[in-house]
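Accompanying notes for the structure given below.
Note that the numbering runs from 1 along the sequence shown for the chain.
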Amino acid sequence: SGLFDKICPLRSFIHLGGSCGYPGNCNNQSPHEPDLFFTVTSLPAELHCKLWKRKPDSQEAPADFTFVIKMR
């Protein structure tokens with residue numbers, strides 16, 4: 001169980017752009033989606049994300065894609 005125990009739609013898209021200000025550009029998300037914002041308050045931490053092509057009936061439904069970001 002975590003802070004974001006809800007299913008929310010992704011309304012944005014990921015693209016290469018220069019708004020980050022780094023040489024060579026970076027990946028950007030447009031538009032901003034406040035439902036996806038989080039703050040890491042201590043380390044180590046993990047962010048577990050599930051993505052579905054269609055909205056599932058529950059969070060326990062098998063995801064089409066899952067990824068984990070480990071922060072140390």
Side-chain angles (χ1 to χ4, degrees):
S1 177
L3 294 174
F4 297 99
D5 290 330
K6 65 179 181 177
I7 298 169
C8 60
L10 294 178
R11 293 183 172 90
S12 62
F13 62 97
I14 305 296
H15 58 94
L16 182 64
S19 65
C20 61
Y22 291 104
N25 300 323
C26 57
N27 290 325
N28 293 309
Q29 169 192 341
S30 297
H32 289 293
E33 293 192 67
D35 283 345
L36 302 179
F37 292 179
F38 64 93
T39 301
V40 177
T41 57
S42 66
L43 297 175
E46 291 186 2
L47 174 66
H48 294 247
C49 297
K50 292 181 177 182
L51 299 175
W52 295 273
K53 291 179 181 176
R54 292 180 192 84
K55 186 177 179 178
D57 293 329
S58 76
Q59 295 175 33
E60 287 72 37
D64 295 300
F65 184 80
T66 301
F67 64 95
V68 178
I69 299 173
K70 295 183 178 186
M71 297 163 265
R72 300 178 186 168

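Listed here is the closest heavy atom pair of G18 and N25: CA-OD1, 3.1 Å. For L43 against R72, the heavy-atom pair with the smallest separation is CD1-O, 3.4 Å. Of all non-hydrogen atoms in V40 and A45, the two that sit nearest each other are CG1-CB, 4.1 Å. Nearest heavy atom pair, residue N28 against residue L16, reads ND2-C, 4.3 Å. The minimum heavy-atom distance linking K50 with Q59 is given by the pair NZ-O, 2.6 Å. Scanning both residues, E46 and K70, for their nearest heavy atoms gives OE2-CE, 3.6 Å.
Taken together through direct or relayed side-chain contacts under 4.5 Å among Ile, Leu, Val, Met, Phe, Trp and Tyr, V68 and F65 form parts of separate hydrophobic clusters. I69 and F38 fall within a single hydrophobic cluster, where Ile, Leu, Val, Met, Phe, Trp and Tyr side chains are chained together by heavy-atom contacts under 4.5 Å. Under a hydrophobic-cluster definition in which Ile, Leu, Val, Met, Phe, Trp and Tyr are linked whenever side-chain heavy atoms come within less than 4.5 Å, directly or via other members, F13 and L51 are assigned to different clusters.
One N or O on the side chain of E33 and one on the backbone of R11 form a donor-acceptor pair closer than 3.5 Å. Of the possible polar contacts, one joining the W52 side chain to the A61 backbone as a donor-acceptor pair under 3.5 Å is found.
Applying the disulfide bond (SG atoms under 2.5 Å apart) rule to C49 yields no partners; only residues at least two apart in sequence or on another chain are considered.
Under a cut-off of 6.0 angstrom, the local environment of NE2 in H32 is sparse, with at most 12 non-hydrogen atoms contributed by other residues, nucleotides or ligands.
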